[in-house]
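Inspection log for the structure reproduced underneath, given as C-alpha cells.
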4 protein chains.
Amino acid sequence: MTTQPISDDKTFTSTEGKRAQQARKTKNKILTAATKVFAEDGFSGGRIERISREANSNDRMIYYYFGNKEALFLNVLETTYLEFYKAEKALDLDTASPIESLKKVIAFTFRYYLDHPEFVAILNDENLHRAKHSSQSENIKNISGNIQGNLVPLLEMGQQNGVFRKEVTAKNLYLTISSLTYFYCSNQYTLTVFVGKNFQDTAFQDEWLKHISDVVIRSVIVDA
Amino acid sequence: MTTQPISDDKTFTSTEGKRAQQARKTKNKILTAATKVFAEDGFSGGRIERISREANSNDRMIYYYFGNKEALFLNVLETTYLEFYKAEKALDLDTASPIESLKKVIAFTFRYYLDHPEFVAILNDENLHRAKHSSQSENIKNISGNIQGNLVPLLEMGQQNGVFRKEVTAKNLYLTISSLTYFYCSNQYTLTVFVGKNFQDTAFQDEWLKHISDVVIRSVIVDA
Amino acid sequence: MTTQPISDDKTFTSTEGKRAQQARKTKNKILTAATKVFAEDGFSGGRIERISREANSNDRMIYYYFGNKEALFLNVLETTYLEFYKAEKALDLDTASPIESLKKVIAFTFRYYLDHPEFVAILNDENLHRAKHSSQSENIKNISGNIQGNLVPLLEMGQQNGVFRKEVTAKNLYLTISSLTYFYCSNQYTLTVFVGKNFQDTAFQDEWLKHISDVVIRSVIVDA
Amino acid sequence: MTTQPISDDKTFTSTEGKRAQQARKTKNKILTAATKVFAEDGFSGGRIERISREANSNDRMIYYYFGNKEALFLNVLETTYLEFYKAEKALDLDTASPIESLKKVIAFTFRYYLDHPEFVAILNDENLHRAKHSSQSENIKNISGNIQGNLVPLLEMGQQNGVFRKEVTAKNLYLTISSLTYFYCSNQYTLTVFVGKNFQDTAFQDEWLKHISDVVIRSVIVDA
DNA sequence: AATGAATGAGGTTTCATTCAT
DNA sequence: GATGAATGAAACCTCATTCAT
C-alpha cells in the first residue's frame, strides 16, 4: 500500500469549484465517521456500512475516495497522528520556567488523551497489529522524528539552570510522561472495574494529574 | 451472559475417568488456542475456525464447551486475569526491605507484561469495548479487590521505617507502577516507529526497568 | 422406512424385569416429549436436543430407541392417531336417539381437537409434507378404515326412523363435522387476529359448538 | 420487527428507471420463490439457499431486500393475505339474488383454497406459531377488519327478503363457509389416506362443493 | 460526483447423528 | 441401559467489494 502526502490531496485546491468543494466535504465526513467507528470498534470490528451511514454517504464513496478499508484506516491513522502532532507543536512553553513548562506538557498530554479517546483507541489497534500501518506510512515517519520536540529545549534549560539532573534524557522523560498519562486513559474501563474508582470522574482525573506531575518532577529535579 | 466459577468446572473432578480427562484436555487446548488467537487478532478479528484448528479440534467443540464466541472470550479473559493474579500472589516479598521489595514488584510487573503479550492485548481489547465482559463476570469481580495486595504491607512497613513518605497511597503507587510498565509493552510497536528505538531489544528493556525503578523510588522516599 | 406394530414393542413384555420397565419408561418419556415438541415447532422446527432435554434423557437415547428423527416423528404420529381412534371408539352412543347421538359426536370431536392441540398440529405438519409419513405406515392404514365408524349405525338408524334424509352419506357427514370442528381449532390463532374474537374463550367455543350442531342437524334432517 | 406498508415500497415509483425496475423484478422473484418454498416446506424447513436459487438470485439479495428469513416470511405472509383479500373484494355479487350470491361466495372460497395451496400452507404455519407474525403486522391488521365484507350485504338482503333466517350472523356464516372449504384443502393428504378417496380428483371436489353449498344454504334459509 | 444493485467469500452457529466407554 | 464427547454438513447471515448507471 502506498500513501500520498496528506495535504496534497487531489480533491483540495485553493481555487476549487463547487463540485470539488462538495467532494472535499464528503471525503471529510467519511474520514470523521471512520475515525469514530474505528475508535469504537477497532479495525476488524469497524464496519464500512456503519461508516458510510454515519457520514450520511454510501459505501461506494468510501471506495471512490479511499480505495479500500485498510487504506481508509491508514488515512484515519495519519490524520489522527497529525492532529496530535499539531496540537503538541502549538503548545506555547516558556523555557525560562522549566518546571512550570514541564507541568504544562504533562497536563496537555493527559488532557489530550482524555479528550481524544479515538487517538488512544487507534494507537491500541495499531499495536495489536504490530504497527503494521504506521510503519508503512511515509507521512507518519515524517512526524515521528519530532515527537519529543517540546521536551528537548525545556530539559536543556532546566539542566543549565541546575534545576534538573544531568542524567535525565528527553527520551526517558517523554516515555515517563506518556506512560503516566496514557495508561490512565487507555485502561480506564478495566481499571474502573479493578481499582474500584471511577476513572471517568473529573475529580479523580485532577487528583491523578497532580500525582503524576509530582512523580515526574521528583524524577528530574536535582537531589537536595 | 452468566459465568460460572472457573475452578468449579463440570469437566474437572479429582477422580475423573479417562473420558473426563480427555474432555478437560480438549477444553484446555481450545482455551489456549483462543487466548493466542484473540491476543493476536482481537475479539472481532479472531476467527473461530483458526482457534479450532490451532487446538487440533473442530469448530463444533467450541460451541459444545463454551456456547459461543463471546462466552469463549469471556473465559479467556477470566483465565488470563486469574493467571496474572496467581503469579502476583506468588511473589515472595521481604517486607523488612521495602525498597528492595518495591524493586521486585516493579521488575515482576514489567517482566510479566513482556512475557505475556496476550494479557496486554486482551486488556486492550477489553478497554476498546469499555470492559463489557469484565464488568459482567463474577469471577473477575472476586479477583479485583486484591489487586494492590502486594503493595499494602510493603508500603506500610516503609512508612513505619521512615523510608517512604506518609502521603504515598497504595492506589497511586499501584497505578504508577502499572503505567510505567504497561505502556512500554502495550505500545511497543508504535513506540518503535516513533521513538526510533527497538523496544523488543532486551538491553533497552533493562535500561527502561532501571529508569522506572528510579522514578518510582524517587516518588516514594522521604525528602532529604 | 418400515414401521412395526405399535403394541408389539420389543421393550414391552408382560413379565418384564426392572431394566425393561425402566427402558419402557424412558421410551415413553421421549415419546411424550417428542409429541409436545413436534406439536409446538413442527417436524423441521422440532429439535432433538430439546426433546431429549424435556424427556430428562439425552440425545443418544432417541437414536437408541427410535433410530432417527423421522422414525421418531412417525412414532409420534402413529401414537397420536391411535389415541384419537381409541377415544372415538370409546364413545358410548345410543343409536335409538340419532339426533342426540349426532350431537354427542360433534361435541366429542370438537372437544377432542380443543383438548389435543398436538393432534391438530401434527396433522397439519403431515399435510404440509403431503402425508408422507402417514402413507408409509401400516399401523395408520389399519386405523383408517374405521374412521367413520361411529357415524354409520347412527346414520342408518336415523334414516330408518325417517329422521334423516336418505341422500346423506356417512362420508359427507363425517367430513362436514370434521371441517366445522377442526378449522376452528387449527386456525384459532389467525382467526383471532382476523375475526377479532378470542377463539380461546370458552364461552365463544360453546357458542360455536351450538352453532355447528345446528348446521349439521339442519343438513341431515328430512325437509319439513 | 416493523413492517412497512406493502404498496409504499422503496423500489416502486411510477417513474422508475431501468435500475429500479430491475430491482423490483428481483425483489418480486425472491418473494415468489419464497412463497413457494415456505408453502412447501414451512418456515423452519424452508431454505434460504433454495429460495435464492429458485429466484435465480443469490442468498445475499434476500438479506439486502428483506433483512432476514423471518422478515421475508412476514412479507410472504402479508402478500399472500393481500392477494386473497383482493380476490375476495373483486367478487362481483348480485345482492338481488342472495342464494345465488352465497353459492358464488362458497365456490369462490373453495376454488381459491384449491388453487392457492401456498395460502393454506402459510396459514397453517402461522397457526403453528400462534399467529406470531400476523399479530405483529400492521398491514395485516388493516386487512382483517374487512374479512367478512362480501357476506354482510348479501345476508342483509336475504334477511330483508325473508329468504334467510334472522338469527344468522355474518360471522358464523363466514366461519361456516371457511371451515367447509378450508378443511378439505388443508387436510387433503391425510384425508386421502384416511377416507380412502382422492381429494385431488376434480370430480370429487365438485361433489364436495355441491354438498357444502347444500349444507350452508340449509343452515341459513328460513324454516319451511 | 454519486448511488442503488449485486456478489462471493467467509463468518458464526446449529443440527442430526455417531463414537466410545 | 445409559451417556458425555465428538463430528461434518449445512444453515443463516455478514462483510468488503464491484457493477452499472
> Roughly how many Å is it from NZ in C:Lys29 to P in F:dT3, rounded to a whole number?
Replying inline: 8 Å

>> If the cut-off is 4.0 Å, is C:Gln22 near the phosphate of F:dA2, judged by side-chain N/O to OP1 or OP2?
In response: yes

> Checking C:Lys69 against C:Tyr63: charged group under 6.0 Å from the ring centre and within 45 degrees of the axis?
Replying inline: no

> Quick one: on DNA chain E, does B:Ser44 or D:Asn56 contact a more 5' nucleotide (nearest heavy atom)?
Replying inline: D:Asn56

>> Stem finding on DNA chain E, please: runs of three or more consecutive Watson-Crick or G-U wobble pairs, both distances under 3.5 Å, sorted by first number.
In response: E:2-21 with F:2-21

> Are side-chain N/O atoms of C:Ser52 and C:Asp59 paired as donor and acceptor at under 3.5 Å?
Replying inline: yes

> Of all heavy-atom pairs between B:Glu126 and B:Ser134, which one has the smallest distance, and what is that distance?
Replying inline: OE1-OG, 2.6 Å

> Rounded to the Å, how far apart are B:Tyr63 OH and F:dG4 P?
Replying inline: 23 Å

> Which part of the nucleic acid, if any, lies within contact of A:Gly46, taking any heavy atom under 4.0 Å across all strands shown: a base, the sugar-phosphate backbone alone, or nothing?
Replying inline: sugar-phosphate

>> Using every non-hydrogen atom in the two residues, find where A:Gly42 and A:Asp125 come nearest and quote the distance to one decimal.
In response: CA-OD2, 3.1 Å

> Could C:Lys132 and C:Phe73 be counted as a cation-pi pair, given that NZ or CZ must be under 6.0 Å from the ring centre and within 45° of the axis?
Replying inline: no

>> Between C:Glu70 and C:His133, is there a side-chain donor-acceptor contact under 3.5 Å, judged purely by atom types and distance?
In response: yes

> Separation of C:Glu49 atom CD from F:dG4 atom C1', in whole Å?
Replying inline: 13 Å

>> Just the rounded figure in Å: distance from C1' of F:dA2 to CZ of C:Arg24.
In response: 18 Å

> For the pair made of CZ in A:Phe66 and C1' in F:dT17, what is the distance, rounded to whole Å?
Replying inline: 16 Å

>> Between C:Gly67 and A:Thr26, which residue's closest nucleotide on DNA chain E lies nearer the 5′ terminus?
In response: A:Thr26

> Would one find a side-chain N or O of B:Asn58 under 4.0 angstrom from OP1 or OP2 of F:dT7?
Replying inline: yes

>> What is the separation between atom CD1 on D:Ile62 and atom C1' on E:dA6, rounded to the nearest whole Å?
In response: 13 Å

> Think A:Tyr64 has a side-chain N or O under 4.0 angstrom from the OP1 or OP2 of E:dA1?
Replying inline: yes

> So which nucleotide from E:dA2, E:dA6, F:dA5 ends up closest to the side chain of A:Tyr65?
Replying inline: E:dA2

>> Of the options E:dT3, F:dT7, E:dT7, whose atoms approach the side-chain atoms of B:Met61 most closely?
In response: F:dT7

> Taking CG from B:Asp59 and C1' from E:dT13, how many angstroms apart are they, rounded to a whole number?
Replying inline: 9 Å

> Between C:Arg50 (CZ) and E:dA16 (C1'), how many Å, whole number?
Replying inline: 17 Å

> Which of these, A:Thr26, A:Thr32, A:Asn28, sits in a side chain to side chain contact (heavy atoms under 4.5 Å, CB included) with A:Ile30?
Replying inline: A:Thr26

>> Let's see if you can work this out: which of F:dA2, F:dA16, E:dT12 has an atom nearest to the side-chain heavy atoms of A:Ile48?
In response: F:dA16

> Can you find a side-chain donor-acceptor pair between A:Thr35 and A:Glu118 that sits under 3.5 Å?
Replying inline: no

> If you find the nucleotide of DNA chain F closest to C:Arg60 and the one closest to D:Arg47, which residue's nucleotide is nearer the 5' end?
Replying inline: C:Arg60

>> Side chain of A:Lys69 only, heavy atoms from C-beta on: which candidate in E:dT17, F:dA16, E:dA5 is closest?
In response: F:dA16

